[in-house]
Number of protein chains: 2
Amino acid sequence: MDHGASRTSGTTAGTGGLATAPAGLRERKKERTREALIDAALELFWRKGYDATTIDEIVAAVDVSRRTFFRYFAGKEEVALARSNEVERSLVGALAERPSAEPPVVALRQATRAIMAALEGDPKRGSSEAYVRTRRLIEANPTLMAATLRHAMETERLMAAEIARRQGVDPHTDLRPALTVSCFNAVVRVAMDEWTERGAMHTSELAAAIDEAWRAMAGLIESGWLGSGWASDED
Amino acid sequence: MDHGASRTSGTTAGTGGLATAPAGLRERKKERTREALIDAALELFWRKGYDATTIDEIVAAVDVSRRTFFRYFAGKEEVALARSNEVERSLVGALAERPSAEPPVVALRQATRAIMAALEGDPKRGSSEAYVRTRRLIEANPTLMAATLRHAMETERLMAAEIARRQGVDPHTDLRPALTVSCFNAVVRVAMDEWTERGAMHTSELAAAIDEAWRAMAGLIESGWLGSGWASDED
DNA sequence: TAGGCTAATGGCACTGAGTGACAGATGGCA
DNA sequence: TGCCATCTGTCACTCAGTGCCATTAGCCTA
């Protein structure tokens, strides 16, 4: 299953940002400035904390003006989450590449596995270690956590649209695509919390935590926690 | 089922803030200032928008100093979400009052119904209309939406702890409480999105939307979207 | 009822985020 | 080479948020 995974990363994720000749010099320069700003920002955040780092310090490290920073990012939040948001958004692409014969939840799980495998193998930023450190940063900052959740919500919409497309249903009248994605992410989030509590050491442990959460999910259905006839009114 | 609901609101929610003799004059004065600030803020937000409203305008309307405002609230976000956060937190109390014979999901649904019924009947703030208007405000502002999601996440922890208690399991080793609550809220959130898209007219429609989401949830399980053997590895 | 204690308030000054406007620099292209 | 479009820097401004200290006002005891 790993083979398909690394192939996936190349076409959909672009987590490496391998500078595959992005047209003219101007574009390349912009890309470099953007990457430099993210690198400098993350380095400072990790070293002296998110709140303690000012934008002036970030731009000083890259030697661009404060004004320029705001032309690339809306604020500190955005530069801090740029990488992890990229990873998250790549899930939509990975989902689209799953064979349409797979049931929605299976496709979601496989897409997640593919992205995490790609993360693992990528030697550049977006790699496993960078992801773990960024995760800790988010976990420690209410503002970043809030922004992360909001971005996840937006990504959910895209994923729900994709599920609706591959299942051939109308997402405006059928709630199932939205429910599937929303609950799927709920499970992943629980697994992530568990992973964080255990120290968030490596992404391989995150994969294990997600699997464990899904097993517990099965147990939940069988253990009667849902109640009988829970879909209709039971009062 | 409504009878239990209104009783619930009195003991756990306190959504009315009926000024039940909060001790000394000093305390009462503080409470009044706090309420006045929230009222003034919401009024301004509704009239001229969240971003366009400055804290100076809020404090001018209540005639307190800017410095005092920040002794009550951490910022604009907090004053905007004070009421809806109160409603959300009351869910934890309502959940604790459900009979422990009820399966977790049933208890969660009934607690939600109780809170919504209490919202309906309450003639003061926290009433149905105020809730709807606040919801629209949140929906229109990315910052508020982010803060709301974060608060929901924290409330989830409390609810999971309560579920774990009533089921007699250890929340640190058993993921089921966290999964139950997380997925439950995921369903409610989907229903809320649907409700908002349809105009978010009245809380009674929200209750209907939640019921509809649960019906779709049942259809989801039966329609094979989960796949077979989805709890274990299927690759 | 006086007077001291404690806590809330107000005013001031300062840092930092974020934005609009305009001038200068630089890559793209004929 | 020189024009055009776009990116960048500088300046000035508003507003959020915080620390510090003096003042006011509720509370409690003698």
Side-chain angles (χ1 to χ4, degrees), chain A residues 19 21-42 44-45 47-82 137 141-147 150, chain B residues 19 21-42 44-45 47-82 137 141-147 150:
Chain A
L25 169 60
R26 193 176 256 167
E27 287 304 310
R28 264 180 290 138
K29 210 170 181 180
K30 260 176 54 174
E31 191 56 28
R32 251 184 293 140
T33 303
R34 185 186 144 83
E35 292 300 310
L37 281 171
I38 297 176
D39 285 340
L42 289 180
L44 283 164
F45 293 157
R47 192 142 47 86
K48 48 182 294 188
Y50 178 74
D51 288 322
T53 303
T54 68
I55 293 182
D56 290 276
E57 292 173 312
I58 299 171
V59 299
V62 184
D63 201 51
V64 293
S65 74
R66 232 171 68 82
R67 199 65 188 82
T68 297
F69 174 89
F70 285 107
R71 290 199 179 92
Y72 281 90
F73 304 99
K76 260 206 288 186
E77 277 178 28
E78 203 171 297
V79 72
L81 300 176
L137 196 68
N141 271 94
T143 312
L144 290 181
M145 179 54 83
R150 200 185 76 80
Chain B
L25 168 61
R26 195 178 255 167
E27 288 303 310
R28 265 181 289 138
K29 211 170 182 180
K30 260 177 54 173
E31 191 56 28
R32 252 184 292 140
T33 304
R34 185 186 144 83
E35 292 301 309
L37 281 170
I38 297 176
D39 286 340
L42 289 180
L44 283 165
F45 293 157
R47 194 142 47 86
K48 48 182 292 185
Y50 179 74
D51 288 322
T53 302
T54 67
I55 293 182
D56 290 274
E57 291 172 311
I58 299 171
V59 298
V62 185
D63 201 51
V64 294
S65 72
R66 232 172 67 83
R67 199 65 191 79
T68 297
F69 175 90
F70 285 107
R71 290 200 181 93
Y72 282 89
F73 305 100
K76 262 206 287 186
E77 277 178 26
E78 202 171 298
V79 73
L81 300 177
L137 197 68
N141 271 94
T143 311
L144 290 182
M145 179 55 82
R150 201 185 77 78

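Side chains are part of it too, since the values below use all heavy atoms of this structure and drop only hydrogens, waters and symmetry mates. By convention in this document, chain letters (A, B, ...) are assigned in the order of the sequence lines, proteins followed by strands, and residues within each chain are numbered from 1. Predicted model only: the values in this text are computed from it and were never measured.
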Expressed in angstrom and rounded to an integer, what is the separation of [X] atom [atom1] from [N] atom [atom2]?
{"X": "A:Lys30", "N": "D:dT8", "atom1": "NZ", "atom2": "C1'", "answer": "12 Å"}
{"X": "B:Phe69", "N": "D:dT18", "atom1": "CZ", "atom2": "P", "answer": "11 Å"}
{"X": "B:Arg67", "N": "C:dA13", "atom1": "CZ", "atom2": "P", "answer": "15 Å"}
{"X": "A:Arg34", "N": "D:dT8", "atom1": "CZ", "atom2": "C1'", "answer": "18 Å"}
{"X": "A:Asp63", "N": "D:dT8", "atom1": "CG", "atom2": "C1'", "answer": "12 Å"}
{"X": "A:Arg32", "N": "D:dC7", "atom1": "CZ", "atom2": "C1'", "answer": "14 Å"}
{"X": "A:Phe70", "N": "D:dT10", "atom1": "CZ", "atom2": "P", "answer": "15 Å"}
{"X": "B:Arg71", "N": "D:dC20", "atom1": "CZ", "atom2": "P", "answer": "13 Å"}

So does [X] get a side-chain nitrogen or oxygen closer than 4.0 Å to the phosphate oxygens (OP1/OP2) of [N]?
{"X": "A:Tyr72", "N": "D:dT8", "result": "yes"}
{"X": "A:Thr68", "N": "D:dT8", "result": "no"}
{"X": "B:Lys29", "N": "C:dA8", "result": "no"}

Closest listed nucleotide, where the reference is the side chain of B:Arg66 and the choices are C:dG10, D:dG17, D:dC7: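 The answer is D:dG17.
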
Candidates C:dG28, C:dA17, C:dG11 - which lies nearest the side chain of A:Arg26: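 So the side chain of A:Arg26 is nearest to C:dG28.
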
Residues within residues 54-62 of chain A bordering DNA chain C, heavy-atom distance below 4.0 Å: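 Those residues are A:Thr54, A:Ile55, A:Asp56.
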
A:Glu57 side chain vs A:Thr54 backbone, donor-acceptor pair below 3.5 Å: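 Checked: pair present.
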
Minimal non-hydrogen separation, [X] against [Y], with atom names:
{"X": "A:Thr53", "Y": "A:Ile58", "answer": "CG2-CG1, 4.0 Å"}
{"X": "A:Phe69", "Y": "A:Gly75", "answer": "CZ-O, 3.9 Å"}
{"X": "B:Phe73", "Y": "B:Arg34", "answer": "CE2-NH1, 3.4 Å"}
{"X": "B:Val62", "Y": "B:Ala36", "answer": "CG2-O, 3.6 Å"}
{"X": "B:Ile55", "Y": "B:Arg66", "answer": "CG2-CG, 4.3 Å"}

Straight-line distance of B:Thr143 OG1 to B:Tyr50 OH, nearest 0.5 Å: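 Reported to 0.5 Å precision, the distance equals 6.0 Å.
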
